[in-house]
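Reckoned from all heavy atoms, side chains included, excluding hydrogens, waters and symmetry mates. Here is the naming used below: chain letters follow the sequence lines, and residue numbers restart at 1 for every chain.
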Amino acid sequence: MLKRTDYLTKVYGVPNGWTLAAYEQHSTGYRVAKKVLTSMTQEQCVAEAKKANIRGRGGAGFPMGVKWSFMRPHPTKPAYLVVNADEGEPGTHKDRTLMELNPHACIEGCIIGCFGIGAHTAYIYVRDELHLSKARLNAAIAEAKAKGYLGKNPFGTNYAVDVVVHSGAGAYICGEETSMLNSLEGKRGEPRMKPPFPAQAGAFGCPTTVNNLETIAACPTAFDIGCEEFSKLSALHHMNDGGVRLYGVNGHVKKPGVVELACGPTLNELIYDIGGGVLGDRGVMCVITGGSSTPVLRPSETVNAPDEKSPMHAWHGKSVFDVPLGVDTMRGCGTMLGTCCVTVMAEGTDPVMAFENLMYFYHHESCGQCTPCREGSAWLDRTVSKIFHGDGAIADVDQLHDIDNGIMGNTICAFGEGTAMPALAFIHKFRKELEAYARGEKKRKDARLTVDDVWNKGASR
Amino acid sequence: MPFALTPERETAFQELQSRYPTKMALCLPLLHLCQEQNGWISEDVMLFVSQRLELSPAHVKGVVTFYTLYNQKPVGKHQVWVCRTLPCALRGAYDVIEHCEKKLGIKCGETTKDGQITLRTAECLASCGTAPMIQVDKEYFENLTPEKLDEILAKLAKG
């Protein structure tokens, strides 16, 4: 069910909505951080946060409050909050809007987050390319400091909070939490073995919580209206998937963009009600539900959950495009919710070309630490490219399965699965097209990723 | 001549120091400052960073070679990055690349003869809802059309 909200996005449309004045007038204006710091204990803060059922907005969907509760005070070491704003998952464009248009929600969220986990410093790790985002965050920090909301005595309390914006340097892998910690420490951004988990030994060897930027930015709203009430806004509250979040639509839709909705819209609602329908009123070939690491879904797929006890039974027999988007519901559909930014591909798009485009990405971005991922992603890229360019055979299509198998489960971080799972989905769901290329029935020169000449016709305004 | 920061950047570096508990953590921010000044990360710059932060030159080189945004050779005065990843490609990124290559007379990865523009491809720049797009130095240009792109390139070629 589509339910538009504007807790986070109200200031998006306000002139200079990124300033403190606008944030005070139209949003929570640091009232919530003040309330939390002056009237709650850390335990109460975490207990309340758990009720919000905020599932991590970065893609993995881990409950935020539960993650906070893993933090234990260390006798000698400080704790850190690290906020993941390394937005770079292909198809994801939500966090950037928050930083550019509502940076104060991010900073207020950092204050609440720091208090909840017992940290006094928050590092917001922003990818280097987002210069405007960094500038807006830094300006927001300066404004908040000047007002006494940040620093040694925020709101007159003794709970010091400092927020630092840290710039990445161009590496997709640094969106992986342990890789991000290495990068923050001034090292190559290679993921770490877990355990120890960041809550035990994270940034600089100290207890650390890593939260996505949108997760943190949702805190002021949740604590303002009451975390349980916040959770109940969601259509999937009963599945512990609460609140409101940002949804993105991109690719072959008429009106791409980012909107704020209560959790639980369906893919069809995002494509047609939010995205304005498909370019040229075509049908949908497939969608990527939340960033390129989530397996594609095709409209012909249906939910298979015949037993009434299954949480997915409510949608048994229905198209996966009519299932509310949630962390657990998308798992039930054989994909992942990911970052909630949907990439739509219209009928007429060449799926093999799309597959090739994505495999180039993973080959380019593998950090090279683990052999199965370093060699596997390159091998996948080479093989798909070979098939696409007309030099492949059916045996190559089958070999893609083998390569995939060699990557999955054999790497330190989830990048391996993030490459292999969407690849597997492309191989399964577009086997016919891959074979057509392998047999020479389809040719690279006829393939297009755009539809309706979108570039020349200026459909992108 | 050994590399050194300008006085303004030196001040900026001093301010950064208080934000991190270790010297090593300054590695990425200091490299950014150096590149801003020098345009690329030369051996001299790496040596400078390693000495200032008491790190081995090998550590610094390891960092420089890991991240794509540290230029390991000189680049043009302006850098044009075309996002080529799927969501942009669905809305014409390949056409944008072709258009740029034709207009500038260079291939991706090359610099124009007058040293003005380096053209490169980028992986997803988090601008999928406003595709296709390019980044020029520190600025994003989104919802591109052939006309808009021509305008941007013409302006860049001038100065």
- Task: Work out which heavy atom in Ala89(B) is nearest to a heavy atom in Asn357(A); give both atom names and the distance.
- Result: CB-ND2, 3.5 Å
- Exercise: identify the closest heavy-atom pair between Pro146(B) and Asn456(A): CG-OD1, 3.9 Å
- Task: Below 4.5 Å from any heavy atom of chain B, which atoms of Thr349(A) appear? Answer side chain, backbone, both or neither.
- Result: side chain
- Item | Close side-chain approach of Leu144(B) to Trp455(A), heavy-atom, < 4.5 Å | yes
- So, do His131(A) and Gln135(B) sit near enough that their side-chain heavy atoms are less than 4.5 Å apart? yes
- Given that the side chain runs from C-beta out, which part of Tyr20(B) has a heavy atom under 4.5 Å from chain A: side chain, backbone, both or neither? both
- Note on the structure: Among Pro90(A), Ala171(A), Pro78(A), the residue with the most heavy-atom pairs under 4.5 Å to chain B is Pro90(A)
- Message: Using the salt bridge (charged side-chain N to carboxylate O under 4.0 Å, His left out) criterion, which residues pair with Lys77(B)? Sequence neighbours excluded.
- Response: none
- Query: Checking heavy atoms, do the side chain of Tyr172(A), its backbone, both or neither come under 4.5 Å from chain B?
  - Reply: neither
- Message: Using only non-hydrogen atoms and a strict under-4.5 angstrom cutoff, which residues of residues 64-74 of chain B touch chain A?
- Response: Thr65(B), Phe66(B), Tyr67(B), Thr68(B), Leu69(B), Tyr70(B)
- Message: Taking side chain as everything from C-beta outward and backbone as N, CA, C, O, which of these in Glu185(A) sits under 4.5 Å from a heavy atom of chain B? Side chain, backbone, both or neither.
- Response: backbone
- What heavy-atom pair brings Asn250(A) and Pro87(B) nearest, and what distance separates the two atoms? OD1-CB, 3.6 Å
- Item | Top of Leu130(A), Val249(A), Asp95(A), Asp162(A) for chain B proximity - count of heavy-atom pairs under 4.5 angstrom | Leu130(A)
- Does the side chain of Tyr360(A) reach to within under 4.5 Å of the side chain of Thr85(B), using non-hydrogen atoms? no
- Item | Spatial distance of atom CD (Glu142(B)) from atom NE2 (His93(A)) [nearest 0.5 Å] | 11.0 Å
- Message: For a 4.5 angstrom cut-off between non-hydrogen side-chain atoms, does Arg91(B) reach Pro256(A)?
- Response: yes
- Residue Val258(A) versus chain B: region with a heavy atom under 4.5 Å: neither
- How about residues 29-60 of chain B versus chain A: which residues have heavy atoms under 4.5 Å apart? Pro29(B), His32(B), His59(B)
- Message: I'd like to know which of Leu28(B), Leu16(B), Thr22(B) tops the heavy-atom pair count under 4.5 Å against chain A.
- Response: Leu28(B)
- Query: Which of the residues Cys341(A), Gly91(A), Gly368(A), Gly257(A) is involved in the greatest number of heavy-atom pairs with chain B at under 4.5 angstrom?
  - Reply: Gly91(A)
- Does any heavy atom of chain B fall under 4.5 Å from the side chain of Arg96(A), the backbone, both, or neither of them? side chain
- Note on the structure: Interface check, chain B: of Glu89(A), Arg127(A), Met345(A), Glu87(A), most non-hydrogen pairs under 4.5 Å belong to Arg127(A)
- Message: I'd like to know if Asp95(B) pairs up with Arg448(A) as an ion pair, taking the criterion as any Lys NZ or Arg NE/NH1/NH2 lying under 4.0 Å from an Asp or Glu carboxylate oxygen.
- Response: yes
- Task: Any chance you could measure Tyr140(B), atom OH, to Leu132(A), atom CG, to the nearest 0.5 Å?
- Result: 10.0 Å
- Query: By a 4.5 Å heavy-atom criterion (distance strictly below it), what part of Cys367(A) contacts chain B: side chain, backbone, both, or neither?
  - Reply: both
- Whatever's closer than 4.5 Å to a heavy atom in chain B on Tyr80(A) counts as side chain
- Rounded to the nearest 0.5 Å, how far apart are CZ of Phe361(A) and CG of Leu86(B)? 11.0 Å
- Note on the structure: For Val454(A) and Leu90(B), the nearest pair of non-hydrogen atoms, with its separation, is CG1-O, 3.9 Å
- Residues in residues 118-125 of chain B near chain A [non-hydrogen atoms, under 4.5 Å]: Glu123(B), Cys124(B), Leu125(B)
- Sort Thr121(A) into side chain, backbone, both or neither according to what part of it lies under 4.5 angstrom from a heavy atom of chain B. neither
